[in-house]
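Notes for the one structure printed next.
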Protein chains: 2
Amino acid sequence: MKQETRKEEIIRVAAKLFKEKGYSAVTMRDLATAMGIKAASLYNHINSKQDILNTIIISIAEEFTQGMKLVQDSKLSCIDKLKQIVALHVKIASENIYGMASLNNDWMHLETQLNYYLSLRGNYEKDFLSIIQQGIESSELKNVNPEIVMFSMLTTLRSLYIWIPKKEELNANDLANNLNNVLIHGINI
Amino acid sequence: MKQETRKEEIIRVAAKLFKEKGYSAVTMRDLATAMGIKAASLYNHINSKQDILNTIIISIAEEFTQGMKLVQDSKLSCIDKLKQIVALHVKIASENIYGMASLNNDWMHLETQLNYYLSLRGNYEKDFLSIIQQGIESSELKNVNPEIVMFSMLTTLRSLYIWIPKKEELNANDLANNLNNVLIHGINI
DNA sequence: GTCTATATTTTGATAGAC
DNA sequence: GTCTATCAAAATATAGAC
């Protein structure tokens with residue numbers, strides 16, 4: 001278990017504040033107070049507020065990109081690939097509740113890294129859609145609108161960070177299984 | 001067709017800017033520029049930035065509350081009630097793309113109206129959950145986790161404002177039908 | 001209904017002492 | 001690694017002329 005550096009601690013606390021009020025509404029004084037120090041002291045560890053946001057968002061976005069690559073390279077059926085994607089989201093969201101909020105809500109406040117983030121997101125969605133389309137072609141999935149399926153699954157998965165903290169009694173495995181049932185098999189008899 | 005007042009125009013333009021950058025990141029100067037006037041002139045029509053947010057969010061939240069009441073008072077089956085809720089979200093989101101963004105992302109910046117908003121939202125979710133639970137009891141729905149079903153449906157529906165503008169070729173009816181299929185009947189064969 | 005001018009507060013960030 | 005002191009810019013909002 002690696003010891004958390006002061007810089008990492010600042011980023012972790014910042015992500016928590018960003019989740020509660022959003023990047024723009026959190027001031028460096030808010031962050032300093034939460035750390036128990038003065039605002040000026042933050043700059044001994046980080047370069048700027050913007051740098052904190054970059055670190056939070058890009059690290060998670062790259063984690064998703066890596067996870068999607070593993071799913072694609074696998075020889076799984078389409079439905080099993082979708083289940084792997086559900087598990088990927090449950091895992092990342094569980095481990096990074098606060099960061100997921102910034103990824104979802106504050107990506108537009110990225111500056112130098114905005115285009116890089118958008119390219120990662122665009123590719124992720126392209127790959128996701130392609131899995132669904134293959135499932136329809138191979139008759140593994142119903143002939144549904146693939147974009148609506150992706151939209152529905154992805155918004156649910158991207159919002160897990162809101163919901164996981166309210167349901168601490170569900171472990172990651174149970175949550176992923178329940179989500180698979182609901183998202184893939186539907187809810188009617 | 002009632003003529004739009006200057007105040008309504010300001011609120012409409014503000015909602016559009018709030019959607020793009022969030023409430024906190026939009027300045028009164030941004031809003032004034034978008035209106036083609038100076039910031040000070042805004043205050044001839046509105047009391048404060050906060051008042052704009054109140055108006056945007058509370059009006060939509062009350063619209064949802066009203067719609068849910070109609071669904072509850074109906075004698076429809078559980079699945080038909082869920083379909084009515086889907087249609088309600090599609091309708092409100094279609095008519096108020098920008099306002100839905102504030103409702104979803106900037107409710108925490110409400111001040112005097114925060115508790116009122118939270119009570120409306122809490123009651124809405126309570127009613128939604130109750131419909132799902134009744135469907136399970138009456139065997140109209142599978143024995144799924146009702147909270148996961150509500151979470152999945154509600155996050156998808158609440159995010160429609162992101163997605164509708166990208167799919168202008170789908171009218172509200174087609175979208176609602178497609179969503180019903182995906183959300184209720186699932187996607188696998 | 002819009003303007004200029006301005007008051008007041010808050011913001012991100014830096015310099016330099018300890 | 002933290003502090004005090006401070007800067008320069010930007011924020012919401014008001015007053016009063018036109």
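Chain identifiers are assigned alphabetically (A, B, ...) following the order of the sequence lines, protein sequences preceding nucleic acid strands; residue numbering begins at 1 within each chain.
Applying the salt bridge (Lys or Arg N to Asp or Glu O under 4.0 Å) test to residues at least two apart or on different chains, the pairs with a partner in residues 165-189 of chain A are A/Lys167-B/Glu147. Sorted by first and then second residue, the salt bridge (Lys or Arg N to Asp or Glu O under 4.0 Å) pairs with a member in residues 122-135 of chain B read B/Glu125-B/Arg158; sequence neighbours excluded. The ring-ring contact (aromatic ring centres under 6.0 Å, His included) analysis of residues 159-189 of chain B, with sequence neighbours excluded, yields the pairs A/Phe151-B/Trp163. Sorted by first and then second residue, the ring-ring contact (aromatic ring centres under 6.0 Å, His included) pairs involving residues 1-32 of chain A (not counting sequence neighbours) are A/Phe18-A/Tyr23, A/Tyr23-A/His109.
Using a 4.0 Å cut-off on heavy atoms, the residues of residues 48-59 of chain A that approach DNA chain C are A/Ser48, A/Lys49, listed by number. Listed by residue number, there are no residues of residues 13-33 of chain A with a heavy-atom contact under 4.0 Å to DNA chain D.
When each of B/Ile46 and A/Gly36 is assigned the nucleotide of DNA chain D bearing its nearest heavy atom, the one mapping closer to the 5' terminus is A/Gly36.
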Provide a list of protein-nucleic acid N or O atom pairs under 3.5 angstrom, restricted to nucleotides 14-18 of chain D.
none

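Scanning for salt bridge (charged side-chain N to carboxylate O under 4.0 Å, His left out) contacts around A/Lys16 gives an empty result, with sequence neighbours left out. Shown here are the side chain to side chain donor-acceptor pair (under 3.5 Å) partners of B/Ser152, two or more places apart in sequence or in another chain: A/Thr156. Scored by the salt bridge (charged side-chain N to carboxylate O under 4.0 Å, His left out) test, B/Lys21 finds B/Asp30 as partners (sequence neighbours excluded). With sequence neighbours excluded, no residue forms a salt bridge (charged side-chain N to carboxylate O under 4.0 Å, His left out) with A/Glu20. Under the rule for a side chain to side chain contact (heavy atoms under 4.5 Å, CB included), the partners of B/Arg6 that lie at least two apart in sequence or sit in another chain are B/Glu9, B/Met35, B/Ile37, B/His45.
Rounding to whole angstrom units, CG of residue B/Leu42 and P of C/dT2 are separated by 9 Å. Rounded to a whole Å, the NZ atom of B/Lys38 is 15 Å from the P atom of D/dT12.
Of the charged side-chain nitrogens involved, at least one lies within less than 4.0 Å of a carboxylate oxygen, so that A/Lys91 and A/Glu95 count as a salt-bridged pair.
Across D/dC3, D/dT2, C/dC3, the shortest atom-to-atom separation from the side chain of A/Asn44 is found for D/dT2.
Residue B/Ser41 has a polar side-chain atom (N or O) positioned under 4.0 Å from OP1 or OP2 of C/dC3.
Within 6.0 Å of CD on A/Gln66 lie no more than 12 heavy atoms contributed by other residues, nucleotides or ligands.
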